[in-house]
Amino acid sequence: MPLVPNLTLNNGLTIPQLGFGVFQVPQDQTQRVVEDALEAGYRHIDTAAAYGNEAAVGAALAASGVPREEIFVTTKLRNGEHGTAAKAFEASRKALGVDVIDLYLIHWPVPSQGLFVAAWQAMEKIYAADAARAIGVSNFLQDHLDHLLAETTVVPAVNQVELHPTFQQAPLCAQSRELGITVEAYSPLGQGTDLSAAAVTALAQNRGATPAQIVLGWHLGMGNVAIPKSTHPQRMSENLAAAQVALTQDELDAVSALDSGARIGTDPAKAAHTQM
Ligand code: A2P
């Protein structure tokens, strides 16, 4: 089974640097897909209440036979539940069938709603009660982080953002790291679109690796946690094997040169209550 490196979060908790994401995996396929991912060797599963597939993830965790403590489980607070985070957390815990969630994230800041500080304060209590091993945020831009840190106590363990070679958000990543916040990349393959970039395919050919392994090797070399998804077991294994692809600085630079600033997903400054 491929060895995936761990990163240490700002509270000492370790997180496998390559995880498996289930965004957009249909509910009726999620259990099978997560069981396949666990079988392939993933030990870090990333879901969200808003994906509607927490129960299927939970069913896969239970059916897999892998001891619970060997799997790092992340889920996220819905936008419409910032004011009722404690209740939402209980619902996620129940759906997943777990006592403790390894990492609980605010899914989007929804600045127009003005409730992320209240949500965070509720999450600080969940963390203090040891019901979540770490708490963090997702889709937070620089001003959202500044606002949160000015008003609360616990520094988020991670900021999970859209991040891939053609959309790197370097200033946001630098700010997060300076604050001790681990950067986690969602859509790490650019939802598949970055795999055909010429620099990626050229490196893949030189290395005898696949384009996905080059892109994921780049994430690992940049110090990101990455959560690629695939519904195909062979690709799950291929992606996990990227942990064995150590890119040189020149190779990292060649991939970093692909940044175009073009976001695929929603802009967090505008994402609203109704979107998730
Ligand atoms: P599929 O599920 O059919 O394998 P991201 O993780 O950036 O959101 O990208 C996910 C997309 O990339 C999905 O469309 C997935 O398709 C595709 N994908 C995942 N792994 C690979 C791979 N190793 N090679 C090609 N496409 C991949």
Side-chain angles (χ1 to χ4, degrees), residues 9-15 19 21-23 44-55 57-58 61 68 71-161 172 175-176 179-184 186 225 227 266 268-276:
L9 303 177
N10 61 10
N11 67 351
L13 188 68
T14 56
I15 182 170
V22 296
F23 174 51
H44 167 182
I45 308 292
D46 182 279
T47 184
Y51 302 164
N53 55 21
E54 284 174 315
V57 169
L61 297 176
R68 169 68 190 95
I71 309 173
F72 191 103
V73 180
T74 299
T75 193
K76 313 184 191 86
L77 176 68
R78 283 176 193 273
N79 293 347
E81 295 183 315
H82 282 194
T84 51
K87 193 166 152 237
F89 178 80
E90 288 312 323
S92 283
R93 198 150 70 148
K94 192 163 169 222
L96 283 161
V98 299
D99 292 332
V100 174
I101 285 174
D102 296 280
L103 178 61
Y104 194 47
L105 305 179
I106 297 182
H107 204 151
W108 293 86
V110 200
S112 58
Q113 197 172 228
L115 283 172
F116 67 71
V117 167
W120 190 253
Q121 286 163 340
M123 286 166 60
E124 287 180 327
K125 290 194 183 123
I126 290 167
Y127 176 57
D130 295 326
R133 291 197 173 92
I135 53 175
V137 295
S138 182
N139 294 298
F140 271 46
L141 300 177
Q142 289 172 266
D143 56 325
H144 307 136
L145 287 175
D146 287 339
H147 181 172
L148 188 72
L149 264 62
E151 300 206 23
T152 62
T153 310
V154 178
V155 176
V158 314
N159 188 13
Q160 185 186 114
V161 297
L172 174 62
Q175 182 211 25
S176 296
L179 294 168
I181 301 170
T182 294
V183 174
E184 229 188 290
Y186 76 72
V225 174
I227 48 167
T266 313
K270 298 186 191 124
H273 172 88
T274 49
Q275 281 168 298
M276 289 291 245

Discussion item. Looking only at the aromatic ring of each residue, does the gap between the centers of H107 and Y51 stay below 6.0 angstrom?
Written reply: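 For Y51 and H107, the ring centres are under 6.0 Å apart.
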Discussion item. Going by salt bridge (charged side-chain N to carboxylate O under 4.0 Å, His left out), name the pairs with one or both residues in residues 105-134, residues two or more places apart or in two chains.
Written reply: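 As it turns out, the salt bridge (charged side-chain N to carboxylate O under 4.0 Å, His left out) pairs with a partner in residues 105-134, which skip direct neighbours, are D102-R133.
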[X] versus [Y], closest heavy-atom pair with distance:
{"X": "N10", "Y": "P156", "answer": "ND2-O, 3.0 Å"}
{"X": "L105", "Y": "M123", "answer": "C-CE, 3.9 Å"}
{"X": "V161", "Y": "N139", "answer": "CG1-N, 4.0 Å"}
{"X": "A48", "Y": "T75", "answer": "CA-OG1, 3.3 Å"}

By side chain to side chain contact (heavy atoms under 4.5 Å, CB included), which residues pair with [X], not counting sequence neighbours?
{"X": "E90", "value": "R93"}
{"X": "A91", "value": "none"}
{"X": "A134", "value": "L9, N11, L13, L103, A157"}
{"X": "A119", "value": "L77, H82, I106"}

Output all residues satisfying side chain to side chain donor-acceptor pair (under 3.5 Å) with [X], sequence neighbours left out; order by chain, then residue number.
{"X": "N159", "result": "none"}
{"X": "T182", "result": "none"}
{"X": "Q175", "result": "D146"}
{"X": "S138", "result": "none"}

Worksheet item: F89: what forms a ring pair (Phe, Tyr, Trp, His ring centres under 6.0 Å) with it, not counting sequence neighbours?
Response: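 Here the qualifying residues are Y104.
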Discussion item. Which residues pass the ring pair (Phe, Tyr, Trp, His ring centres under 6.0 Å) test with F72, not counting sequence neighbours?
Written reply: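 Result, ring pair (Phe, Tyr, Trp, His ring centres under 6.0 Å) vs F72: H44.
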Worksheet item: Should P109 and V137 count as side-chain neighbours, where that means a heavy-atom distance under 4.5 Å?
Response: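 No, too far: nothing below the 4.5 Å cut-off.
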Discussion item. Ignoring hydrogens and geometry beyond distance, is a side-chain donor-acceptor pair present between T47 and E54 at under 3.5 Å?
Written reply: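 E54 and T47 do not have a side-chain donor-acceptor pair below 3.5 Å.
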Fill in: Residues which pass salt bridge (Lys or Arg N to Asp or Glu O under 4.0 Å) with E151, listed by chain and number, not counting sequence neighbours
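Listed in chain order: nothing, the list is empty.
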